[in-house]
Amino acid sequence: MTGAFRTYQPTITRPITDDDLQTPEAQLAVALGAAIRWQLWFFFTPDEHGFGGLAMPCDDLPRRVPAEAADALFTVIDGVARHTGATELILALERRGGPDPGRLDREWMLVAATAADRAAVRLRAVLISHTRGVREHAPPAPTLPLSALSEETLGA
């Protein structure tokens with residue numbers, strides 16, 4: 001994956017300052033810290049309409065993306081969006097290893113981007129919590145073919 005990224009420095013050796021917490025992504029990076037085990041996180045960001053935000057860890061997912069993953073993630077993202085009014089999502093992949101996304105990371109990123117797009121939820125960023133800290137990556141563009149959209153999704 002090419003594109004911009006931001007590495008969040010661990011704050012173990014110094015106190016956390018307001019500068020460390022400027023954006024929701026930065027706040028989540030501080031909260032996540034270095035990876036402990038494989039899991040996927042959905043962070044639905046707070047909005048101006050009173051929704052306070054929501055964090056959902058998903059630790060029962062396989063490391064390899066199953067064929068039905070896009071539909072399963074769509075069901076989760078769409079359900080949360082419908083019940084809370086959430087319109088933005090930050091995805092975090094927590095896993096051991098380096099900060100750059102590998103093939104399996106990119107597959108999960110793409111499936112989540114497609115599912116969020118289908119649910120009309122903006123994927124703001126992807127955080128990778130790795131062995132030494134957290135790195136923010138730009139989300140991939142969804143690759144959902146138009147023929148895969150149902151009439152209900154299109155609003156027909």
Side-chain angles (χ1 to χ4, degrees), residues 1-10 23-47 51 53-156:
M1 179 173 145
T2 60
F5 62 86
R6 169 179 286 150
T7 299
Y8 294 96
Q9 300 301 320
T23 65
E25 290 83 359
Q27 294 167 15
L28 295 170
V30 168
L32 276 174
I36 296 171
R37 63 173 187 242
W38 158 243
Q39 60 185 333
L40 190 69
W41 289 84
F42 292 121
F43 297 101
F44 293 89
T45 59
D47 65 21
F51 174 59
L54 175 67
M56 294 177 57
C58 304
D59 64 354
D60 59 348
L61 297 172
R63 187 63 179 109
R64 294 189 184 278
V65 178
E68 69 280 357
D71 290 335
L73 294 185
F74 165 74
T75 300
V76 170
I77 295 168
D78 187 59
V80 170
R82 287 178 187 263
H83 285 93
T84 65
T87 59
E88 293 188 326
L89 170 68
I90 300 170
L91 174 71
L93 302 169
E94 180 184 354
R95 48 92 173 135
R96 307 289 293 167
D100 296 320
R103 182 182 55 82
L104 296 175
D105 300 323
R106 288 189 300 272
E107 289 175 5
W108 277 110
M109 291 163 70
L110 188 57
V111 165
T114 299
D117 189 61
R118 282 177 56 197
V121 172
R122 177 179 166 250
L123 182 58
R124 283 176 58 117
V126 176
L127 301 179
I128 294 183
S129 169
H130 55 90
T131 304
R132 295 180 311 277
V134 179
R135 181 174 282 178
E136 178 184 339
H137 296 271
T143 59
L144 183 67
L146 189 57
S147 61
L149 293 174
S150 69
E151 287 184 10
E152 179 180 308
T153 304
L154 292 173

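All figures in this text were calculated on a predicted structure; none of them were measured in a lab. Start at 1 with the first residue, then count along the sequence.
A donor-acceptor pair under 3.5 Å is absent between the side-chain atoms of R95 and the main chain of A35, judged by distance alone. The backbone N or O of G98 lies less than 3.5 Å from no partner atom in the side chain of T131, so there is not a single donor-acceptor pair. Between the side chain of H137 and the backbone N or O of P99 there is at least one donor-acceptor pair closer than 3.5 Å. Of the possible donor and acceptor atoms, none in the side chain of R135 sits under 3.5 Å from a partner among the backbone N and O of D100. The main-chain N or O of V121 is never found under 3.5 Å from a side-chain atom of T87 such that the two would form a donor-acceptor pair.
In this structure, L61 CG and W38 CH2 are separated by 6.5 Å, a value rounded to the nearest 0.5 Å. How far CD1 of I128 is from CG of D105: 4.5 Å, rounded to the nearest 0.5 Å. Atoms CG and CD1, from L91 and I77 in turn, are 8.0 Å apart once rounded to the nearest 0.5 Å. I90 contributes atom CD1, which lies 9.0 Å from atom CZ of R122 (distance to the nearest 0.5 angstrom). How far CG of L32 is from CG of L93: 10.0 Å, rounded to the nearest 0.5 Å. Between the CD atom of Q39 and the CZ atom of R63 there is a distance of 12.0 Å, given to the nearest 0.5 Å.
Nearest approach of P101 to M109, heavy atoms of both residues: CB-SD, 4.0 Å. The heavy-atom pair separating P139 from A125 by the smallest distance is CD-CA, 3.9 Å. The shortest non-hydrogen separation linking R124 to P24 is NH2-CD, 3.6 Å. For the pair A116 and L123, the tightest heavy-atom approach, listed with the atom from each and the gap, is CB-CB, 4.5 Å. Contact record, A55 with P57: O-CD, 3.9 Å, taken as the closest heavy-atom pair. Residue A34 comes nearest to S129 through the heavy atom pair C-OG, 3.5 Å, listed as atom of the first residue, atom of the second, then distance.
Between F44 and F42, the two ring planes are tilted [angle within 30° to 60°].
Around the CZ atom of R64, the shell of radius 6.0 Å holds no more than 12 heavy atoms that belong to other residues, nucleotides or ligands.
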Let's go through V80 and L89 carefully: what are the C-alpha distance in whole Å and the side-chain angles of both, what is the deciding distance for side-chain contact (heavy atoms from CB on, under 4.5 Å) to 0.1 Å, and is it a yes or a no?
CA-CA 10 Å; V80 170; L89 170 68; over 6 Å; no
For side-chain contact (heavy atoms from CB on, under 4.5 Å), just list the numbers for R106 and V65, CA-CA rounded to whole Å, side-chain angles, deciding distance to a tenth of an Å, and then say yes or no.
CA-CA 10 Å; R106 288 189 300 272; V65 178; over 6 Å; no
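Listed by first and then second residue, the salt bridge (Lys or Arg N to Asp or Glu O under 4.0 Å) pairs that reach into residues 29-39 are R37-D59, sequence neighbours excluded.
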